[in-house]
2 protein chains.
Amino acid sequence: MNAPVSSPALTKNQTLVFDVLDRSEAPMSAYTILDKLRDHGFRAPLQVYRALDKLTEFGMVHRLESLNAFVACAHRESSCCGAGHGHGTVAFAICESCSQVMEFHDHAVDHRLGDWAKSKGFKPSKTTIEIRGLCQTCAA
Amino acid sequence: MNAPVSSPALTKNQTLVFDVLDRSEAPMSAYTILDKLRDHGFRAPLQVYRALDKLTEFGMVHRLESLNAFVACAHRESSCCGAGHGHGTVAFAICESCSQVMEFHDHAVDHRLGDWAKSKGFKPSKTTIEIRGLCQTCAA
DNA sequence: GCAATTGATGTAATAACATTACATTTCAAA
DNA sequence: TTTGAAATGTAATGTTATTACATCAATTGC
């Protein structure tokens, strides 16, 4: 047991895309990723989008909706709330100055939004929480 | 007193764009709005984007980041938390079947995210909360 | 072994969303 | 009445994402 929850062996393209994202300090757009991978034979956006779709499905990559960009999941195997990836809603704090992204969970927030949904009969499929602003360093 | 908090008289284009959004059941993209306003002399996307920028600034329109689309603010003058627009973070529940959007506040969520930010020294400027899923009717 | 199916890939073209740059107009305040 | 700020008009371009279709590779069932 304790095998990766939802990360089957990655294909070549998925590995390339994940590695680029994982090594990046900042979120990257699909086209920026494409440019980084031209040397590895990537020629078209679809190659990137397809890999991103799968990686997102596996929970290894997150899409930042307010940026139209992507980040590698910051949670390593088996974090706080259950084994590995596949946890509840993830929230992001995005620094508009240095582009650093902090990823976090908040059970209370999850729970509260869940309660709201339940009270309205709304069935959530995906929840986005993104805080834009200035990180401690940049705000100083 | 009790004058609108942040809604100076709208210009012609702002009024046209707001009216289209306000009458719509569903969120609209900038280009959809443009098409609706061709009869009124709109020719270019920028006319729409400029109006949307101002309306968003006034708090009369919200951008749905996960849809790249816009909705008129559902809160009428002087809602629960302070006078009119200009309240805290607004959250959205977006039905992926019928496109209906529910707008709501949750002080507890606001507060919780605010506390997280404070604990990290992060200074929020704008917070996005969007729940995608199925509304009660469509989930049935 | 070998068709049949399924998932991944390659490529081109196009669609959808958004901004830059620059010229012109409007209108209220000095 | 000038003048300065905001709004507008228009064209061109930049950025993000998808559709369509052909090919390739691995697995499965026979």
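In what follows, chains carry the letters A, B, and so on, assigned in the order in which the sequence lines appear, proteins first and then strands, with residues in each chain numbered from 1. Note: hydrogens, waters and symmetry copies are ignored here, and every other heavy atom, side chains too, is used.
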(message) Just verifying a value: how many Å separate F70(A) CZ and L21(A) CG, rounded to the nearest 0.5 Å?
(response) 8.5 Å
Establish, with yes or no, whether the OP1 or OP2 oxygen of [N] is under 4.0 angstrom from a side-chain nitrogen or oxygen of [X].
{"X": "Q47(A)", "N": "dT9(C)", "answer": "no"}
{"X": "N13(B)", "N": "dG9(D)", "answer": "yes"}
{"X": "N68(A)", "N": "dC17(C)", "answer": "no"}
{"X": "R63(B)", "N": "dA18(C)", "answer": "yes"}
{"X": "K54(B)", "N": "dA7(D)", "answer": "yes"}
{"X": "T11(A)", "N": "dT9(C)", "answer": "yes"}

Using atom [atom1] of [X] as one end and atom [atom2] of [N] as the other, report the distance to the nearest whole Å.
{"X": "D53(A)", "N": "dT16(D)", "atom1": "CG", "atom2": "P", "answer": "16 Å"}
{"X": "Y49(B)", "N": "dT10(D)", "atom1": "OH", "atom2": "C1'", "answer": "16 Å"}
{"X": "L67(A)", "N": "dC17(C)", "atom1": "CG", "atom2": "C1'", "answer": "15 Å"}
{"X": "L34(A)", "N": "dT11(C)", "atom1": "CG", "atom2": "P", "answer": "12 Å"}
{"X": "Q14(B)", "N": "dT26(C)", "atom1": "CD", "atom2": "P", "answer": "17 Å"}
{"X": "K12(B)", "N": "dA7(D)", "atom1": "NZ", "atom2": "P", "answer": "14 Å"}
{"X": "H40(B)", "N": "dT8(D)", "atom1": "NE2", "atom2": "P", "answer": "15 Å"}
{"X": "L64(B)", "N": "dA18(C)", "atom1": "CG", "atom2": "P", "answer": "11 Å"}

(request) Indicate whether Y31(B) forms a stack on dC17(C); treat it as stacked only if centroid distance is below 5.5 angstrom and interplanar angle below 30 degrees. (result)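 Yes, Y31(B) stacks on the base of dC17(C).
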(message) So that I can tick it off, tell me whether R38(B) and D35(B) are bridged by a salt bridge, with the cut-off set at under 4.0 angstrom between side-chain N and carboxylate O.
(response) yes
(request) Look at R132(B) together with E130(B) and state whether they make a salt bridge at an N to O cut-off of under 4.0 Å. (result) no
(request) Determine whether any donor atom in the side chain of R50(A) lies under 3.5 Å from an acceptor atom in the base of dG10(C), or the reverse, and answer yes or no. (result) yes
(request) Answer whether the closest heavy-atom distance between the side chains of T127(A) and L113(A) falls below 4.5 Å. (result)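 Sidechains of L113(A) and T127(A): in contact.
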(message) Parallel, tilted or perpendicular, judged at 30° and 60°: which one describes the rings of H105(A) and H75(A)?
(response) parallel
(message) Which is more 5' along DNA chain C, the nucleotide nearest L46(B) or the one nearest P45(A)? Just name the residue.
(response)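 It is P45(A) whose nearest nucleotide is closer to the 5' end.
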